[in-house]
Amino acid sequence: MIRFYLKGLFRDRSRSLMPVIVVAIGVTLVVLLHCYVTGVLGDMVVFNARFSTGHVKVMSRAYHENISQLPNDLALIGTGDLLAHLRNDYPEMEWVERIQFGGLVDAPDENGETRSQGPGGGMAVDLLSEKSRETQRLNLERSLTAGRLPETPFEMILSEQFSEKLEVVPGDKVTLISSTMYGAMSITNFTVCGTIRFGSPVLDKGGMIADISGIRQALDMEDATGEILGYFPSGDYDDEKASSIADSFNAAYSNPDDEFSPVMLSLREQNSMTMYLDLMDYFKSLIIGIFVIAMSIVLWNSGLLGGLRRYGEIGLRMAIGEEKNHIYRGLITESVFIGLAGSLVGTLFGLFFSSLLGRGIDISSMAQNSTMMMQGVLKARITPDAYYIGFIPGLIATVLGTSLAGIGLYKRKTAQLFKELQA
Amino acid sequence: MKNGSIINISDLVKRFPVGGGEFTALNGINLSFEKGEFSGIVGPSGSGKTTLLNILGSLDTPTEGNTEVLGTTSAEMTPKLAASLRKKHIGFIFQTYNLMPVYTVYENVEFPLLLLKIPASDRKKAVLDALEWVGLSDMVRSKPPQLSGGESQRVAIARAMVKTPALVLADEPTANLDAANSHHILRTMEKLNKELKTTFIFATHDDKVVRYLTRIIRLEDGKVVSDEHIQS
């Protein structure tokens with residue numbers, strides 16, 4: 001009987017082509033929108049992860065509780081051992097140390113007197129190790145507006161706006177006046193080696209980046225760090241895996257009674273990222289929900305029209321002795337084939353268009369130069385679920401539409417068959 | 001059931017609601033049909049021929065009275081039982097052929113056997129035999145739009161006969177055919193009736209058909225006005 005249905009579908013294009021096209025268009029849109037939403041919102045997640053949260057982040061419990069103050073006096077200590085444990089227990093992750101710091105930046109004149117000064121906040125990252133990928137991760141080279149990246153521990157890059165405020169240019173000396181992790185005053189000279197655009201108003205106002213070894217010395221944080229960030233090598237955030245790693249780490253190393261014991265948080269648990277991640281899921285569900293409803297209505301109507309066109313055939317089949325249930329099941333079987341074919345075609349088109357959008361829509365001309373926070377290109381991203389995400393709604397919409405259209409079959413009186421067939 | 005009868009009808013009344021009242025299409029019909037009859041229900045339009053054929057084909061149920069078709073009474077007839085009866089034992093031939101245009105001649109004839117879940121090899125033999133009976137063995141791959149009216153009706157006959165039913169109901173089978181094709185069709189059905197002992201019941205007002213019948217039941221205003229057996 002399956003062959004009978006398939007022959008009918010292949011030979012009668014009005015029975016199959018129109019519904020297949022409708023499903024294919026819908027599935028194409030679902031796949032494309034899914035990839036685009038994943039790409040654009042995913043980029044926000046990616047940039048957050050690169051800049052602030054990591055895919056997972058390890059801090060001391062006390063640091064975590066006061067994280068808005070970035071309290072280096074509550075930083076992790078003995079990080080050499082902790083890093084060794086992390087690299088041993090979770091070798092699939094890349095672990096990096098970062099120190100968030102703040103202080104007064106003073107720009108002296110030729111006599112060493114204060115020429116200008118202002119408060120600033122910065123991030124110390126590993127810029128000098130050979131294996132470090134922090135430069136690429138933070139998109140530093142492309143975000144430079146002048147000068148170069150630090151090449152020694154006591155060089156730093158300032159935000160372009162901050163450097164203009166301090167009236168310093170690459171090559172000038174500045175003094176960072178801050179406090180050590182033990183609360184003592186710290187005064188350290190740095191050379192400004194470059195300027196950068198962060199792409200965030202707060203950071204552009206007073207942001208700076210330096211190598212972690214220089215800041216460690218400046219803030220007396222030997223074998224200590226504010227945060228240890230973990231990254232999946234692919235660069236893509238895997239919420240389930242990150243949560244699992246965080247749970248296992250906390251079970252092994254974290255002690256709720258010791259405020260200096262380390263605690264690991266997944267990206268979802270930081271910086272209100274739950275909202276972003278839920279928003280992504282919400283958008284995807286919304287797209288799929290709208291698609292299923294809209295396509296079901298279209299296919300319902302298409303099924304009704306098809307049913308009218310096949311009135312004679314269905315009447316004949318009932319007259320020959322086919323039961324209504326059997327005919328209904330046959331229509332559903334046909335719709336499964338239509339749904340599969342439409343979903344397959346739609347998925348291929350969706351992936352094709354997504355791959356074209358994967359190169360990205362360049363909005364950097366609108367945003368002038370690219371920045372650390374936003375790279376100026378809105379990209380679609382093809383994730384593994386894009387290969388099947390259109391199939392299920394495609395199939396559901398087709399079967400649902402046909403199911404609704406097919407109900408009319410049961411309202412038809414068999415006794416009218418002869419009259420209809422003779423008409 | 002009377003001896004040798006495959007259909008018994010007693011005091012059959014069929015009424016249809018029309019507007020606020022009722023229209024009586026059949027009024028007190030008493031008939032029986034023997035196995036192997038080649039009978040016709042003859043009468044003008046509106047006399048109740050098609051209504052009677054519908055009830056005999058288990059497509060409709062009586063308002064009053066009883067029918068017994070191939071051992072199943074109207075009282076016990078459920079939609080499922082009716083569909084099963086049509087599927088296994090009753091063949092239909094329509095005025096407008098009603099072939100499925102996207103399927104070949106072979107596939108149209110094969111369809112009733114698919115419903116009966118006959119094995120493929122048996123299906124093939126039965127279909128080819130049926131097409132041979134109607135003289136269309138060379139058109140198995142043709143599709144209905146490529147056929148003439150006469151050929152289409154022969155395919156419809158093959159489809160009705162392929163499961164070798166006990167009863168074939170034909171509603172105005174020659175109404176859309178010219179004289180030559182009508183005679184060809186009728187001779188084919190007459191031959192099948194004689195060779196396979198299949199009971200044929202026609203609803204017709206075509207004189208060409210009447211000439212072939214061995215029994216003519218005349219209906220007028222829902223009543224049998226004559227029931228004549230013709231000596232061949």
Side-chain angles (χ1 to χ4, degrees), chain A residues 1-20 305-331 333-335 337-338 406-423, chain B residues 14 16 25 49-61 78-104 106-108 110-117 120 143 156 159-160 162-163 165 169-173 175-176 203:
Chain A
M1 210 65 192
I2 298 284
R3 283 179 65 188
F4 177 80
Y5 298 139
L6 282 174
K7 282 176 188 170
L9 288 174
F10 277 115
R11 292 174 191 169
D12 184 2
R13 287 188 182 173
S14 59
R15 192 183 299 184
S16 53
L17 192 62
M18 185 63 189
V20 166
L305 290 173
L308 285 176
R309 211 178 48 76
R310 293 173 70 185
Y311 219 60
E313 179 203 323
I314 290 169
L316 171 79
R317 286 164 61 174
M318 287 162 75
I320 286 177
E322 190 171 3
E323 286 175 44
K324 288 178 178 177
N325 282 345
H326 195 266
I327 295 174
Y328 191 69
R329 284 201 302 273
L331 294 175
T333 306
E334 286 181 2
S335 74
F337 288 121
I338 288 167
I407 290 170
L409 196 64
Y410 290 96
K411 294 183 177 170
R412 194 170 172 191
K413 276 191 82 177
T414 313
Q416 296 299 316
L417 288 173
F418 262 163
K419 285 180 187 171
E420 289 164 6
L421 289 169
Q422 302 292 45
Chain B
K14 180 67 184 179
F16 293 108
K49 305 186 297 291
T50 298
T51 304
L52 183 54
L53 219 58
N54 280 353
I55 292 172
L56 296 181
S58 68
L59 293 166
D60 208 348
T61 51
T78 60
K80 194 175 175 68
L81 201 57
S84 173
L85 192 66
R86 291 197 298 274
K87 184 163 66 179
K88 291 174 184 166
H89 302 299
I90 302 175
F92 288 94
I93 298 168
F94 308 96
Q95 176 182 336
T96 48
Y97 328 131
N98 290 306
L99 302 178
M100 293 180 278
V102 297
Y103 296 101
T104 63
Y106 182 95
E107 288 157 357
N108 266 280
E110 185 189 29
F111 182 68
L113 303 180
L114 286 174
L115 295 180
L116 288 168
K117 298 190 169 82
K143 287 191 180 162
R159 182 179 63 194
V162 70
K163 59 191 174 190
L169 301 171
D171 194 11
E172 305 280 11
N176 287 352

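All values below were derived from every heavy atom in this structure, side-chain atoms included, with hydrogens, water molecules and symmetry-related copies excluded. Labels below follow one simple rule: chain letters A, B, ... track the order of the sequence lines, proteins then strands, and each chain is numbered from 1.
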Close side-chain approach of Glu107(B) to Arg11(A), heavy-atom, < 4.5 Å: yes
Check: Glu322(A) and Phe111(B) side chains under 4.5 Å, non-hydrogen atoms: yes
Check against side-chain contact (heavy atoms from CB on, under 4.5 Å), Arg3(A) and Leu114(B): CA-CA 11 Å; Arg3(A) 283 179 65 188; Leu114(B) 286 174; over 6 Å; no
Working for side-chain contact (heavy atoms from CB on, under 4.5 Å), residues Leu115(B) and His326(A): CA-CA 9 Å; Leu115(B) 295 180; His326(A) 195 266; 4.2 Å; yes
CZ on Arg86(B) to CD1 on Ile320(A), rounded to 0.5 Å: 10.5 Å
Part of Lys117(B) lying under 4.5 Å from any heavy atom of chain A: neither
Residue part contacting chain A, namely of Lys88(B), when any heavy atom lies under 4.5 Å: neither
Intermediate values then yes/no, side-chain contact (heavy atoms from CB on, under 4.5 Å), Phe94(B) and Leu316(A): CA-CA 10 Å; Phe94(B) 308 96; Leu316(A) 171 79; 3.4 Å; yes
Which atoms of Arg15(A) approach chain B - backbone, side chain, both or neither, heavy atom under 4.5 Å: side chain
Test item: Tyr103(B) side-chain N/O and Lys7(A) main-chain N/O as donor-acceptor pair under 3.5 Å: no
